Every structure is written in structure tokens, then in C-alpha cells.
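Order of appearance sets the numbers: ligands from 1, and atoms from 1 within every ligand. Quantities reported herein were computed from a predicted structural model and do not represent experimental measurements.
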Amino acid sequence: MLTIAISKGRIYREALPLLDTAGIRPGDDPETSRKLVFDTNLDDVRMLVLRAQDVPTFVEHGAADLGLAGKDVLLEHGGEGLYEPLDLGIARCRMVVAVRRGRETLPRRPRVATKYVESTRRFFAAAGVQAEIIKLYGSMELAPVVGLADCIVDLVDTGSTLAANGLVEVEEVCPISTRLIANKASMKMKHARMKTFIDSLSNAVAEDPAP
Ligand code: ATP
Ligand code: PRP
């Protein structure tokens with residue numbers, strides 16, 4: 001049996017066509033069902049529906065053999081105990097530093113609001129900037145507007161959320177996309193089945209007309 005961990009929402013929606021090309025069709029729709037474990041059209045493949053941030057934890061501990069997780073989530077998790085065999089190229093966006101328009105010059109010790117504490121810590125440390133990090137769980141764009149922080153580190157795709165809140169990007173932290181992750185023990189114990197799955201998903205990514 002192969003167990004695949006996936007989060008609903010953006011990643012699930014964008015992964016569905018790839019999974020379909022790879023020959024895997026979920027038996028239920030997690031957007032409408034309350035079930036958290038799904039059978040698929042394949043007798044030996046099932047799916048777990050989790051919060052995006054929990055996917056690496058389930059895979060690392062072997063509760064799932066494979067998972068689909070954003071690079072942003074993996075950078076926060078740390079990535080120990082996991083393989084990352086494939087970039088699925090979906091749910092693409094960028095992690096950036098953004099400030100209020102007109103406040104592009106940061107103070108020497110900026111206050112940075114973010115959900116991405118580890119990536120932010122590493123980014124400012126690499127730049128030799130001593131930042132005070134303020135952990136938030138969402139609506140980061142609000143923090144500079146109300147004076148909670150000098151800047152934010154958040155994900156940007158179209159830029160419309162930044163623009164709607166009077167913010168501008170000043171630096172890119174890193175590009176983000178969804179990665180296939182694999183449990184290390186499963187890669188040894190279920191090598192042949194895992195390899196078949198990874199190869200078929202890899203072929204589906206190669207065939208995908210999306211950039
Ligand atoms: P939750 O809503 O449960 O807190 P989440 O906000 O991380 O979780 P999604 O918004 O579905 O869940 O995002 C899932 C993943 O999609 C993120 O981890 C990131 O890799 C990617 N992502 C997030 N925002 C965007 C965006 N605006 N455009 C493209 N990809 C994005
Ligand atoms: C993400 C991210 C930004 C927004 C950026 O939020 O946290 O707020 O997308 O996208 P844009 O550049 O295209 O506007 P999401 O829509 O996932 O909401 P959430 O943070 O509440 O999950």
C-alpha cells in the first residue's frame with residue numbers, strides 16, 4: 001500500500017490533472033467530503049487530506065510514504081528525514097520581502113512580520129541584518145499598514161494582495177513551487193512501488209503543458 005499526503009485547496013486542485021495523467025484518480029472530492037482518508041482507483045494507493053503545514057510531518061514519521069508540499073512549508077519544516085525527488089512545478093509563487101510604498105528604506109534592525117520564521121531568519125542572517133521577527137499566522141500584509149512591523153516576508157503570485165494593501169516588493173527570498181516528498185524508510189522498503197509512482201508522476205510533469 002502507498003499512502004500519499006496532500007493538502008486540499010490550491011495544491012490539491014493543481015495536482016489533480018498531474019495525478020490523473022499519472023493514472024491516479026481519488027475516489028472522493030476532499031473539497032466537499034469530510035473524509036480525511038481517500039481510496040483511489042488503484043487498490044494499493046490511498047490519500048490522506050491534511051493541513052499544508054502537516055504534510056512533511058506525516059511523511060517524515062512514515063504515516064505517509066509520499067506527500068505533496070510547498071517549498072515554503074518544507075523550508076520551515078527543515079527537511080530532515082525526507083527525500084524531495086520531484087519538483088511538480090505547480091502552486092508556483094515567490095517568497096518576498098515587502099514594505100509600505102514610500103518606506104523602501106528599512107531601519108538598521110527591522111521588525112519583520114511573517115508566518116515563515118525560519119526562512120526569514122536565514123534570509124536576514126545571510127544579509128548580515130539583525131531582524132526582529134514577529135510570528136503571524138496570516139494576513140501579514142496588515143502588519144506594516146498598522147505599524148506592527150517595518151516589512152513582511154510573504155508569498156506573492158500576481159502581486160494583487162500587496163498592491164491592495166499599499167505594499168511593494170523590495171527583495172526576493174526564493175522561488176516557491178510544490179515538491180513531491182518521500183519517506184526515507186519507504187524508499188528502501190517499498191523501493192519498486194515508490195519508483196514506479198515517482199516515475200509516472202515525473203512523466204506527467206514532463207508532459208504538462210503549463211510552464
Ligand atoms: P492554510 O490555508 O490551511 O493555512 P495554506 O494557506 O498554506 O494553508 P494554500 O493557500 O492552499 O494553503 O497554499 C498551499 C501552498 O500553495 C503554499 O504552501 C504555497 O506553496 C502555495 N501558495 C500559497 N499562496 C500562493 C499563491 N498566491 N499563488 C500560488 N501558490 C501559492
Ligand atoms: C497567499 C499569500 C498572499 C497571496 C498572494 O494567500 O499569503 O496573501 O496568496 O497572492 P497574490 O500575489 O496573487 O495576491 P492565500 O490566497 O493563499 O490566502 P491565505 O494566506 O489566507 O491562505
So the atoms of ligand 2 within less than 4.0 Å of a heavy atom of Ser160 turn out to be 12 (O), 14 (O)
Give me the nearest non-hydrogen protein atom to [atom] as residue plus atom name, then the distance to 0.1 Å.
{"atom": "atom 4 (C) of ligand 2", "value": "Thr161 OG1, 3.6 Å"}
{"atom": "atom 2 (C) of ligand 2", "value": "Leu155 O, 3.6 Å"}
{"atom": "atom 8 (O) of ligand 2", "value": "Glu141 OE2, 2.8 Å"}
{"atom": "atom 13 (O) of ligand 2", "value": "Thr158 OG1, 2.6 Å"}

Any heavy atom of Arg10 under 4.0 Å from ligand 2? The part involved is side chain
Under 4.0 Å between heavy atoms, the region of Asp154 that gets near ligand 2 turns out to be side chain
Are Ile198 and Tyr83 side-chain neighbours, meaning at least one heavy-atom pair lies under 4.5 Å? no
If we only count heavy atoms from C-beta on, is the Leu68 to Leu180 side-chain gap below 4.5 Å? yes
Consider ligand 2: state whether an atom of it lies below 4.0 angstrom from any non-hydrogen atom of Gly159. yes
Keeping the roles fixed (side chain from Glu172, backbone from Arg94), state whether a donor-acceptor pair exists under 3.5 Å. no
Quick check against the 3.5 Å criterion: does Asn41 have a side-chain atom that pairs as donor or acceptor with the backbone of Arg25? yes
Could you identify which residues cluster with Phe58, counting Ile, Leu, Val, Met, Phe, Trp and Tyr as linked when any side-chain heavy atoms lie under 4.5 Å apart, either directly or through a chain of such contacts? Val37, Leu48, Leu50, Val55, Val59, Leu74, Leu82, Ile181
Can you confirm, on distance only, whether ligand 2 has an N/O atom lying under 3.5 Å from any N/O atom belonging to Val156? no
Take Leu75 and Arg122 through the side chain to side chain contact (heavy atoms under 4.5 Å, CB included) test and state the conclusion after the steps. CA-CA 10 Å; Leu75 289 168; Arg122 280 195 293 265; 3.8 Å; yes
Under a 4.0 Å N-O cut-off, is there an ion pair linking [X] with [Y]?
{"X": "Arg103", "Y": "Asp150", "result": "no"}
{"X": "Asp39", "Y": "Arg46", "result": "no"}
{"X": "Arg92", "Y": "Asp157", "result": "no"}

Ligand 1: which protein N/O atoms lie under 3.5 Å from its N/O atoms?
residue: ligand 1; atom: 3 (O); partner: Arg51; partner atom: NE; Å: 2.8
residue: ligand 1; atom: 3 (O); partner: Arg51; partner atom: NH2; Å: 3.3
residue: ligand 1; atom: 4 (O); partner: Arg51; partner atom: NH2; Å: 3.0
residue: ligand 1; atom: 10 (O); partner: Arg10; partner atom: NH1; Å: 3.0
residue: ligand 1; atom: 18 (O); partner: Asp72; partner atom: OD1; Å: 3.1
residue: ligand 1; atom: 18 (O); partner: Asp72; partner atom: OD2; Å: 2.8
residue: ligand 1; atom: 20 (O); partner: Asp72; partner atom: OD1; Å: 2.6
residue: ligand 1; atom: 24 (N); partner: Arg10; partner atom: NH1; Å: 3.0
residue: ligand 1; atom: 27 (N); partner: Arg10; partner atom: NH2; Å: 3.4
residue: ligand 1; atom: 30 (N); partner: Ala91; partner atom: O; Å: 3.3

State whether any protein heavy atom lies less than 4.0 Å from [atom].
{"atom": "atom 11 (P) of ligand 2", "answer": "yes"}
{"atom": "atom 21 (O) of ligand 2", "answer": "no"}
{"atom": "atom 18 (O) of ligand 2", "answer": "no"}

Which donor-acceptor pairs under 3.5 Å do the side chains of residues 132-147 make with protein atoms, sequence neighbours left out?
residue: Lys135; atom: NZ; partner: Lys115; partner atom: O; Å: 3.4

Determine whether the side chains of Ser119 and Glu76 contain a donor N or O and an acceptor N or O closer than 3.5 Å. yes
Please identify each residue that fulfils salt bridge (Lys or Arg N to Asp or Glu O under 4.0 Å) with Lys71, with sequence neighbours left out. Glu84
